[in-house]
Amino acid sequence: MRLVLLARHGQSLFNVDGVINGDPARDRGLSPLGVEEATALGGQIAPIAIDVCVTSRFPRAQETARLALEARADTVPHVVDEDLDDIRIGELEGKTLADYREWKHAHTRDDPFPGGESLNDAARRYAV
């Protein structure tokens, strides 16, 4: 039987600030709470055999994986897959969560963010 375990990164510094980030080069990593969450994830998944860990290019995702798998760092290979990166939000990069929500609610899932991709395009990218 195959088991796929999906986990979101711990709280990021951008989450705390309410800022939208879709560019891994601008990621600021985890907040102190995010570090605690990632460490707690490690305890939750400790009894589960893990063959490989796949993350996006975002430092917050990689830091979460490193902390959660710290006890197994030598035995669990880590693969970075850019197709798992967050939605490419283009010109909304660095804007507030309110700005993001305002734009999103005024458009359909097929409308690309200005200079970015649509929600449906991102979903298709994740599904591949």
Side-chain angles (χ1 to χ4, degrees):
M1 179 173 75
R2 293 187 103 165
L3 172 70
V4 176
L5 173 66
L6 298 175
R8 185 180 187 271
H9 60 79
Q11 182 188 64
S12 75
L13 291 169
F14 278 131
N15 293 145
V16 172
D17 293 342
V19 172
I20 301 303
N21 172 233
D23 180 353
R26 295 182 181 190
D27 185 8
R28 294 174 34 219
L30 298 178
S31 70
L33 176 59
V35 170
E36 290 178 24
E37 292 170 336
T39 302
L41 174 62
Q44 294 168 340
I45 64 173
I48 301 170
I50 297 177
D51 296 324
V52 64
C53 174
V54 183
T55 66
S56 69
R57 296 180 298 166
F58 283 79
R60 58 185 175 243
Q62 293 179 30
E63 185 178 3
T64 298
R66 181 184 58 76
L67 291 167
L69 297 172
E70 195 163 45
R72 302 186 255 182
D74 295 335
T75 61
V76 178
H78 182 193
V79 175
V80 176
D81 185 343
E82 70 181 67
D83 283 337
L84 294 178
D85 285 357
D86 286 8
I87 298 166
R88 297 170 184 134
I89 55 172
E91 295 171 20
L92 291 179
E93 180 68 40
K95 302 288 186 188
T96 67
L97 187 55
D99 293 331
Y100 167 83
R101 287 180 176 152
E102 180 183 342
W103 190 94
K104 188 174 129 183
H105 292 301
H107 295 82
T108 72
R109 293 185 56 84
D110 285 316
D111 294 329
F113 289 98
E117 68 184 333
S118 73
L119 292 169
N120 282 340
D121 286 339
R124 284 187 280 276
R125 177 167 48 87
Y126 298 147
V128 173

Exercise for the section: Could you tell me the separation between the CD1 atom of I89 and the CD1 atom of I87, rounded to the nearest 0.5 Å? Expected result: 8.5 Å
Problem - side-chain contact (heavy atoms from CB on, under 4.5 Å) between L119 and K104, worked out - result: CA-CA 9 Å; L119 292 169; K104 188 174 129 183; 4.1 Å; yes
Problem - Atom pair NZ (K95) and CZ (F113), whose distance is rounded to the nearest 0.5 Å - result: 14.0 Å
Side chains of residues 10-19: which donor-acceptor pairs under 3.5 Å do they make with residues two or more places apart or in other chains?
unit_1, atom_1, unit_2, atom_2, d
Q11, OE1, S31, OG, 2.7
S12, OG, F14, N, 3.3
S12, OG, N15, N, 2.9
S12, OG, N15, OD1, 3.2
N15, OD1, S12, N, 2.7
D17, OD2, R28, NH1, 2.8
D17, OD2, R28, NH2, 3.3

Completion exercise
When rounded to the nearest 0.5 Å, the distance separating CD of E37 from NE2 of H9 is 10.0 Å
Practice task
In sequence, state the C-alpha distance, the side-chain angles, and the governing distance for E93 and N21, and then conclude on side-chain contact (heavy atoms from CB on, under 4.5 Å).
Solution key: CA-CA 6 Å; E93 180 68 40; N21 172 233; 2.8 Å; yes
Side-chain donor-acceptor pairs under 3.5 Å in residues 67-79, sequence neighbours left out?
unit_1, atom_1, unit_2, atom_2, d
R72, NH1, I48, O, 2.6
R72, NH2, I45, O, 2.9
T75, OG1, R72, O, 3.1
H78, NE2, T55, OG1, 2.7

Handout entry: P24 versus R57, closest heavy-atom pair with distance
Key = CG-NH2, 3.7 Å
Practice task
With side-chain contact (heavy atoms from CB on, under 4.5 Å) as the test, would you mind laying out the steps for I50 and V52 before giving the verdict?
Solution key: CA-CA 6 Å; I50 297 177; V52 64; 5.9 Å; no
Practice task
Determine, for D83 against R125, whether the closest basic-nitrogen to carboxylate-oxygen distance falls under 4.0 angstrom.
Solution key: no
Problem - Closest heavy-atom pair and its distance - L92, Y100 - result: CD1-CA, 4.3 Å
Completion exercise
When rounded to the nearest 0.5 Å, the distance separating CD of Q62 from SG of C53 is 9.0 Å
Exercise for the section: Sequence neighbours left out, what passes salt bridge (charged side-chain N to carboxylate O under 4.0 Å, His left out) with D121? Give chain and number order. Expected result: R124
Problem - Straight-line distance of D111 CG to E117 CD, nearest 0.5 Å - result: 13.5 Å
Practice task
Taking atom CG of D51 as the centre, report whether more than 12 heavy atoms of other residues, nucleotides or ligands fall under 6.0 Å from it.
Solution key: no
Exercise for the section: State yes or no: do I20 and W103 share one hydrophobic cluster built from I, L, V, M, F, W and Y residues joined by side-chain heavy-atom distances below 4.5 Å, directly or via other members? Expected result: yes
Handout entry: Pairwise side-chain contact, L30 with T64, heavy-atom cut-off 4.5 Å (strictly under)
Key = yes
